[in-house]
Amino acid sequence: DEDGQAATSEDKIRICKRAFDLMVGPKIRFNPVDIVFDLNILTICTGMEEHNNYGVDFINACKEVKRICPGCKISGGLSNLSFSFRGLETIREAMHSVFLFHAIQAGLD
């Protein structure tokens, strides 16, 4: 949006709700089941403290976006999560498995 990339769960939720309301509102009347939000899974373990919560932020945002934007679908680029571990496939696969387990429970489609 105008403030840049949505990194926190609050930003992801705010942006999705704004877009959802515009799309399903009286001017556009888009069917909510045809809306797919990519909440942007961001890289963790980068060495930068502000990146430490990105995985949790995505999962928390999934749950809330599904609640406040009924009918929508949620996607995300999973490989971004473990980008810091490129070349270490066993670690990446384990991270992806655990992340998907929790993200799908929270609403990831």
Side-chain angles (χ1 to χ4, degrees):
D1 75 349
E2 299 84 3
D3 296 324
Q5 180 170 273
T8 66
S9 58
E10 294 81 11
D11 287 342
K12 293 174 189 298
I13 294 163
R14 176 182 50 78
I15 291 167
C16 288
K17 179 62 173 154
R18 177 181 173 196
F20 185 83
D21 289 346
L22 288 170
M23 289 187 277
V24 301
K27 287 187 179 181
I28 299 174
R29 296 182 192 271
F30 204 77
N31 188 337
V33 300
D34 294 326
I35 297 171
V36 180
F37 290 117
D38 183 337
L39 298 185
N40 201 10
I41 302 171
L42 299 173
T43 305
I44 61 171
C45 302
T46 64
M48 298 175 69
E49 188 173 333
E50 61 268 23
H51 296 178
N52 289 347
N53 212 47
Y54 281 169
V56 173
D57 281 329
F58 178 88
I59 290 169
N60 289 340
C62 283
K63 192 174 201 174
E64 184 63 9
V65 168
K66 282 287 192 155
R67 187 185 73 76
I68 65 173
C69 302
C72 78
K73 302 287 187 248
I74 296 177
S75 71
L78 182 60
S79 66
N80 295 345
L81 179 76
S82 63
F83 189 73
S84 295
F85 295 95
R86 60 194 175 279
L88 302 170
E89 295 311 309
T90 302
I91 293 172
R92 293 186 81 181
E93 289 171 9
M95 289 174 70
H96 294 171
S97 295
V98 171
F99 185 83
L100 282 172
F101 175 82
H102 293 285
I104 290 169
Q105 288 183 342
L108 176 67
D109 294 295

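In this chain, numbering begins with 1 at the start of the sequence shown.
- In this structure, CG on Asp34 lies 10.5 Å from CE on Met23, to the nearest 0.5 angstrom.
- With Ser82 contributing its side chain and Phe85 its backbone, the two residues share no donor-acceptor pair below 3.5 Å.
- Going from atom CG of Leu88 over to atom CE of Met95 covers 10.5 Å, rounded to the nearest 0.5 Å.
- Qualifying ring-ring contact (aromatic ring centres under 6.0 Å, His included) partners for Phe99, counting only residues two or more places apart in sequence or in other chains: Phe58.
- In Glu89, the CD atom is crowded: over 12 heavy atoms of neighbouring residues, nucleotides or ligands sit closer than 6.0 Å.
- Judged purely by atom type and a 3.5 angstrom limit, Lys12 has no side-chain atom pairing as donor or acceptor with the backbone of Ala61.
- At a threshold of 4.5 Å between side-chain heavy atoms, the hydrophobic network of Ile, Leu, Val, Met, Phe, Trp and Tyr places Val33 and Leu108 in two separate groups.
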Let me have the donor-acceptor pairs involving side chains of residues 65-79, under 3.5 Å, with sequence neighbours excluded, atom names and distances please.
| from | atom 1 | to | atom 2 | distance (Å) |
| --- | --- | --- | --- | --- |
| Lys66 | NZ | Cys72 | O | 3.2 |
| Lys66 | NZ | Asp109 | OD1 | 3.3 |
| Lys66 | NZ | Asp109 | OD2 | 2.8 |
| Arg67 | NE | Glu64 | OE1 | 3.0 |
| Arg67 | NE | Glu64 | OE2 | 3.4 |
| Arg67 | NH2 | Glu64 | OE2 | 2.6 |

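- Judged by distance alone, the side chain of Arg29 and the main-chain N or O of Val24 form no donor-acceptor pair under 3.5 Å.
- The line from CG of Asn60 to OG of Ser9 is 5.5 Å long, rounded to the nearest 0.5 Å.
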Take Glu49 and Asn52 through the test side chain to side chain contact (heavy atoms under 4.5 Å, CB included) and record every step on the way to the result. CA-CA 5 Å; Glu49 188 173 333; Asn52 289 347; 3.9 Å; yes
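- Sparse packing is recorded around NZ of Lys63, with 12 or fewer heavy atoms of other residues, nucleotides or ligands lying under 6.0 Å away.
- Taken to the nearest 0.5 Å, the CD1 atom of Ile91 stands 11.0 Å off from the CD atom of Glu93.
- A continuous path of hydrophobic side-chain contacts links Ile104 to Ile59 [ILVMFWY only; heavy atoms under 4.5 Å].
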Please tabulate, for side-chain N and O atoms in residues 39-48, each donor-acceptor pair with protein atoms closer than 3.5 Å (sequence neighbours left out).
| from | atom 1 | to | atom 2 | distance (Å) |
| --- | --- | --- | --- | --- |
| Asn40 | ND2 | Gln5 | OE1 | 3.4 |
| Thr43 | OG1 | Asn80 | O | 2.7 |
| Thr46 | OG1 | Met48 | N | 3.1 |
| Thr46 | OG1 | His51 | ND1 | 2.7 |

